[in-house]
Colleague: 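Provided herewith is a single structure, encoded as structure tokens, for subsequent inquiry.
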Protein chains: 2
Amino acid sequence: MTLTESSPARTDRVERCAAAPRRHPRPDGQDRYTISEVAAYTGLTAHTLRWYERIGLMPHVDRSHTGQRRFSNQDLDWLAFVGKLRLTGMPVADMVRYAELIRVGDETFEERQELLERTRRDVLRRIEELQDTVAVLDHKIGFYADARWASERS
Amino acid sequence: MTLTESSPARTDRVERCAAAPRRHPRPDGQDRYTISEVAAYTGLTAHTLRWYERIGLMPHVDRSHTGQRRFSNQDLDWLAFVGKLRLTGMPVADMVRYAELIRVGDETFEERQELLERTRRDVLRRIEELQDTVAVLDHKIGFYADARWASERS
DNA sequence: TAGATCCCTTGAGTGCACTCGAAGCAAGCG
DNA sequence: CGCTTGCTTCGAGTGCACTCAAGGGATCTA
């Protein structure tokens, strides 16, 4: 077991949480992916995946007998979640912090929850800002549309 | 006249477009601000403002008899708009491109409109992504809430 | 057995958007 | 008059998130 919230009775919840966009459908019944398979699936480069591991953003990834990485479905779930966090603009350092909290264990539940709630608030604020920006763009676009309509008439 | 859409009949439109958050209300009737005033007003540093000018993201800013910058209300409007674009994650190079189009003149209306519409689409897509992310966060947060509720009961 | 392909590690390099430091000029104040 | 504040330029430095290069090992295909 690597990085999940890991409440014994309800890992099903976790699975649903991390449902991913599935560009390449996951081969059924498989649980060991090479780095290039994961790269294709996630859209990240192999370089980036190794880098994530180096900085502690990935749990320890399993290795083959020759030392090559073998990613599990759980690793894929985690990467999907990290992808979501990345979209929010959360700094990588904060994600590493979250990963560390998970590694520490159940006594960090509260802190993790707070971190997620803070993130949630940030994202909502960000959405508002963007909606504001759309309004500004609409004004400007309206200006250009009017100007061209006027020039066609004249 | 520096950087605006400059349709003779309706600059009022432009004014409304670029309405800014106004941390420091603009001194009424004034139209010449020092760089530090603008820094305080926009939240950018003086360094950044000079850098914007160097890279062509600002129109030519007026100077005092001693060579110091004197920003106009129009400059402030432009900076407010740039701030909005920055929030969308648009690269500075693209904003410089837009500024160049404005400098070229009216024959770039179409290209400017397209650029804004493309940006608008990007922003809307971004908002959707963020809303998706909020949903994921809500699931995770729900998981933590449930887990703690369960542990309180046991 | 040769070559291709995939993977490994370490450490350095890249691009973006600032951000700062140094050296020097000019205005205002006690 | 000296001091402080704030401005100028130019060029270098910073932090982030990758991104790549070099050198080498294991496995597969002809």
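In what follows, chains are A, B, ... by sequence order, proteins preceding strands, each numbered from 1.
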Colleague: According to a strict under-4.0 Å criterion, is Y52(A) in side-chain N/O contact with OP1 or OP2 of dA17(D)?
Modeller: no
Colleague: Rounding to a whole Å, what distance do you find between R63(A):CZ and dC7(C):P?
Modeller: 12 Å
Colleague: State, to 0.1 Å, how close Y52(A) and L44(A) come at their nearest heavy-atom pair, and which atoms those are.
Modeller: CE2-CD1, 3.8 Å
Colleague: Going by distance alone, is a donor N or O of one side chain under 3.5 Å from an acceptor N or O of the other, for D75(B) and S72(B)?
Modeller: yes
Colleague: Rounded to whole Å, how long is the line connecting atom CG of L57(B) with atom P of dC16(C)?
Modeller: 15 Å
Colleague: What contact category does R70(B) fall into here, base, sugar-phosphate, or nothing, at under 4.0 angstrom with non-hydrogen atoms?
Modeller: nothing
Colleague: Please state how far atom CH2 in W51(B) lies from atom C1' in dC7(D), giving the value in whole angstrom units.
Modeller: 21 Å
Colleague: Does any N or O in the side chain of R69(A) come within less than 3.5 Å of the main-chain N or O of L49(A), such that one atom is a donor and the other an acceptor?
Modeller: no
Colleague: In whole Å, I'd like the distance from the CG atom of L49(B) to the P atom of dC18(C).
Modeller: 11 Å
Colleague: CD1 of I35(B) versus C1' of dT8(D): gap in Å, rounded?
Modeller: 10 Å
Colleague: Which is more 5' along DNA chain C, the nucleotide nearest R69(A) or the one nearest M90(B)? Just name the residue.
Modeller: R69(A)
Colleague: In terms of relative ring orientation, are F109(B) and Y144(A) parallel, tilted or perpendicular, with 30° and 60° separating the classes?
Modeller: perpendicular
Colleague: What's the verdict on side-chain contact (heavy atoms from CB on, under 4.5 Å) for D122(A) and R126(A), showing C-alpha distance, side-chain angles and the deciding distance?
Modeller: CA-CA 6 Å; D122(A) 291 349; R126(A) 186 108 184 73; over 6 Å; no
Colleague: What integer distance in Å separates M95(A):CE from dA17(D):P?
Modeller: 7 Å
Colleague: Within the 4.0 Å limit for protein heavy atoms, which parts of nucleotides 22-28 of chain D are touched? Write it as a string from 5' to 3', B for base, S for sugar-phosphate only, - for none.
Modeller: ----SS-
Colleague: Contact class for R54(A) (heavy atom, under 4.0 Å): base, sugar-phosphate, or nothing?
Modeller: base
Colleague: Report which part of the nucleic acid T34(A) touches: base, sugar-phosphate, or nothing (heavy-atom distance under 4.0 Å, all strands).
Modeller: sugar-phosphate
Colleague: Whole-Å distance between dC6(C) C1' and F71(A) CZ?
Modeller: 14 Å
Colleague: Would you say dC7(C) has OP1 or OP2 under 4.0 Å from some side-chain N or O of S36(A)?
Modeller: yes
Colleague: Applying side-chain contact (heavy atoms from CB on, under 4.5 Å), run through L130(B) and V134(B) and close with a yes or a no.
Modeller: CA-CA 6 Å; L130(B) 289 179; V134(B) 169; 5.6 Å; no
Colleague: Between atom CZ in R50(B) and atom P in dG21(C), what is the gap in whole Å?
Modeller: 14 Å
Colleague: When you measure from the side chain of E37(B) to the backbone of T34(B), do you find a donor-acceptor pair of N or O atoms at a distance under 3.5 Å?
Modeller: yes
